[in-house]
Amino acid sequence: MIASPTTLLFDEALLPGGWARQVRLHLAAGRITAVEPDATPGAGEPRHQIGLPGLPNLHSHAFQRAMAGLTETRGPAADSFWTWREVMYRFLGRMTPDDVQAVAAQAYAEMLEGGFTHVGEFHYLHHQPDGSTYAEPAEMAVRIAAAAAQTCIGLTLLPVFYAHGGFGGADPSPGQRRFLNDLDGFARLLAGSQSAVAALPGAVVGIAPHSLRAATPGELAELAAIAPGTPLHIHVAEQTREVEDCLAWSGQRPVEWLLDHTAVDGRWCLIHATHMTEIEVTRLATTGAVAGLCPVTEANLGDGVFPGVSWQQAGGRIGVGTDSNVLIGAADELREMEYAQRLTGRARNVLAGVEGVSTGRALFDAALSGGARAMGCEQPILRVGAPADIVALDADHPALMERHGDALLNGWIFAANRPAVRSVWMHGQQVVADGRHIDRTAITNRFRQTLRTLLGN
Ligand code: NGQ
Ligand code: ZN
């Protein structure tokens with residue numbers, strides 16, 4: 001462990017009021033206790049380059065990191081989200097708690113190296129391969145918490161309620177055995193999840209009905225009442241088939257159904273929400289719910305493109321998630337989000353909104369505040385009283401050099417094809433140095449062992 005510094009000096013840093021030069025942050029007990037812009041560097045004082053708050057990653061299925069890149073070969077029929085899901089189910093069928101912990105630690109280390117300091121783990125792999133519970137019902141949640149503890153990433157654990165295989169309480173498939181709980185089982189899982197994260201600084205536990213396919217209206221109502229005020233996340237309207245199935249079941253589209261039958265408000269995070277009509281966009285944006293966008297995974301799975309322009313015009317909140325973890329990086333998600341809008345709208349600087357605004361800065365600010373709201377965590381921001389969770393970018397990176405202010409964010413997001421994150425501090429303690437997590441060697445060795453078994457090498 002590297003000793004915790006009491007001050008950090010940045011050549012340039014993004015403060016709540018904007019960019020400032022020579023910013024010295026004073027730290028104590030894992031928090032920022034003073035912010036000194038235009039500081040005079042002391043003789044021999046260590047200097048860091050570009051200081052930023054870390055972004056929240058609001059949607060992850062950590063275990064899927066182990067199959068990243070392994071589903072990119074064409075199968076016998078037309079490949080789709082649904083054929084990918086079959087492969088994913090077969091893959092997770094073999095994973096043990098040790099495997100899940102090893103893969104999650106790898107994913108979380110890569111998140112920290114990629115500019116994320118908090119992860120929302122949408123966690124549904126609960127049970128043994130035959131569907132029976134582990135002796136500790138929250139065994140897998142304990143493993144997720146252990147991976148967060150080892151890497152020091154902030155955690156919002158979202159234990160998932162999953163009871164059915166399709167709209168209207170359809171039977172689950174054998175591949176879904178490891179996910180299933182009734183409401184009593186879920187209550188035990190929730191209690192176990194709360195104790196699993198109790199020792200983690202800044203950890204939050206929310207609630208996640210998997211989707212309208214996996215929870216009935218009655219179950220959804222009970223889940224929403226269990227822990228009022230905590231984050232509530234749900235997958236919705238990701239695939240057009242889901243929209244068609246929802247229409248066949250209820251006569252309504254998924255987002256429309258949610259708006260009419262639940263009290264969607266600012267505690268809700270709707271993951272994907274890809275397929276919405278203009279009316280759904282306006283209505284949903286007005287509730288204050290966050291749209292949890294996962295642009296890299298949505299592209300990888302062929303989901304479709306989120307209606308970003310109308311959502312922004314309606315004042316909707318967004319955050320980003322790495323979801324399947326096929327590629328892990330804050331800049332990658334923000335870039336893909338903007339590029340999808342450019343490709344469909346045949347335009348440039350779409351999500352910047354108004355003249356003179358930097359696209360990178362607009363995306364970064366939106367994902368920072370929307371992400372923190374969805375995570376139920378403290379706002380990541382470099383000001384007095386905030387947790388000292390700080391990312392430093394490499395000003396010597398060719399995409400960042402000789403730039404200042406918002407041009408640094410644009411360089412990082414649009415122009416850096418190798419990681420530009422140099423250092424990360426969590427609660428004032430350095431966890432990434434020279435672009436690598438300080439425990440990376442041990443974490444990656446263990447990940448390799450797990451892969452060797454899972455892939456049968
Ligand atoms: C998941 N992933 O839960 O891992 C889902 C697939 C489903 C994404 N939607 C399963 N990207 O939605 O049924
Ligand atoms: Zn998901």
Side-chain angles (χ1 to χ4, degrees), residues 57-68 70-71 79-93 95 100 103-104 107 111 119-127 140 144 156-167 169-181 206-215 231-246 249 254-255 268-275 290-306 319-328 333 336 371 374-375:
N57 173 7
L58 58 65
H59 190 71
S60 156
H61 308 291
F63 75 85
Q64 292 175 14
R65 181 62 182 150
M67 54 182 281
L70 293 173
T71 60
D79 279 4
S80 69
F81 172 90
W82 306 100
T83 59
W84 167 84
R85 194 176 77 153
E86 284 309 315
V87 177
M88 189 266 282
Y89 284 178
R90 284 203 294 281
F91 194 82
L92 68 81
M95 293 182 82
V100 167
V103 175
M111 287 174 198
V119 61
E121 183 63 30
F122 196 101
H123 170 60
Y124 62 88
L125 179 51
H126 303 309
H127 306 310
M140 289 294 204
I144 294 293
T156 292
L157 181 58
L158 298 155
V160 171
F161 176 85
Y162 203 116
H164 311 285
F167 288 95
D171 286 341
S173 71
Q176 294 165 339
R177 268 191 302 252
R178 301 190 75 176
F179 319 156
L180 306 175
N181 279 298
I207 303 233
H210 181 275
S211 53
L212 291 176
R213 293 173 271 126
L232 197 158
H233 290 219
I234 187 168
H235 290 120
V236 72
E238 179 181 11
Q239 282 278 318
T240 51
R241 194 178 106 186
E242 185 186 336
V243 177
E244 289 154 18
D245 290 353
C246 190
W249 164 64
V255 171
W268 288 65
C269 179
L270 273 64
I271 306 301
H272 309 303
T274 313
H275 301 288
V290 176
L293 310 180
C294 309
V296 171
T297 295
E298 287 156 8
N300 184 270
L301 297 180
D303 288 340
V305 178
F306 179 77
V320 291
T322 58
D323 192 351
S324 67
N325 294 309
V326 62
L327 178 75
I328 297 176
E333 297 298 340
E336 188 71 37
M375 294 294 82

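When a ligand or atom number is given, it counts from 1 through the structure's own listing order. In this chain, residues are counted from 1 in sequence order. Values below: all heavy atoms of this structure, side chains included; hydrogens, waters and symmetry mates excluded.
At the shortest separation from atom 3 (O) of ligand 1 among protein heavy atoms lies H210 NE2, 2.7 Å. Of the protein's heavy atoms, E238 OE1, 2.5 Å lies nearest to atom 9 (N) of ligand 1. R85 CD, 3.5 Å is the protein heavy atom nearest to atom 10 (C) of ligand 1.
Without hydrogens or angle criteria, H235 side chain to H210 main chain gives a donor-acceptor distance under 3.5 Å. Side-chain atoms of E242 come within 3.5 Å of backbone N or O of A237 as a donor-acceptor pair. Put simply, the side chain of E298 never gets that close to the backbone of V305: no donor and acceptor are under 3.5 Å apart. At least one donor-acceptor pair closer than 3.5 Å links the side chain of S80 to the backbone N or O of T83. No side-chain donor-acceptor contact under 3.5 Å links R213 to the backbone of D245.
F161 contributes atom CZ, which lies 14.0 Å from atom CZ of F179 (distance to the nearest 0.5 angstrom). Between atom NE2 of residue H127 and atom CD of residue Q176 there is a gap of 12.5 Å, rounded to the nearest 0.5 Å. Atom CG in N300 sits 9.5 Å away from atom CD in E336 (nearest 0.5 Å). Note that CZ of F81 and OG1 of T240 are 11.0 Å apart. Values are rounded to the nearest 0.5 Å.
For the pair D323 and ligand 1, the shortest N or O to N or O distance falls below 3.5 Å. Annotation: W82 places no N or O atom under 3.5 Å from an N or O atom of ligand 1; distance criterion only.
Numbered from 1 in the order shown, with element, the atoms of ligand 1 that lie under 4.0 Å from a heavy atom of L301 read 11 (N). Ligand 1 places these atoms under 4.0 Å from at least one heavy atom of Y124: 1 (C), 3 (O), 4 (O). Contact atoms of ligand 1 toward R213: 7 (C), 12 (O), 13 (O) (distance under 4.0 Å to a heavy atom of the residue).
Around the Zn ion (ligand 2), the protein contributes the following N, O or S atoms at distances under 2.8 Å: H59 NE2, H61 NE2, H235 NE2.
H59 and H61 form a side-chain donor-acceptor contact under 3.5 Å, judged by distance and modelled atom types alone.
The residue I271 has no part lying near ligand 1, judged by heavy-atom distances below 4.0 Å.
Ligand 1 is never approached by E298 to a heavy-atom distance shorter than 4.0 Å.
Looking at every heavy atom in both residues, H233 comes nearest to L158 through ND1-CD1, 3.6 Å.
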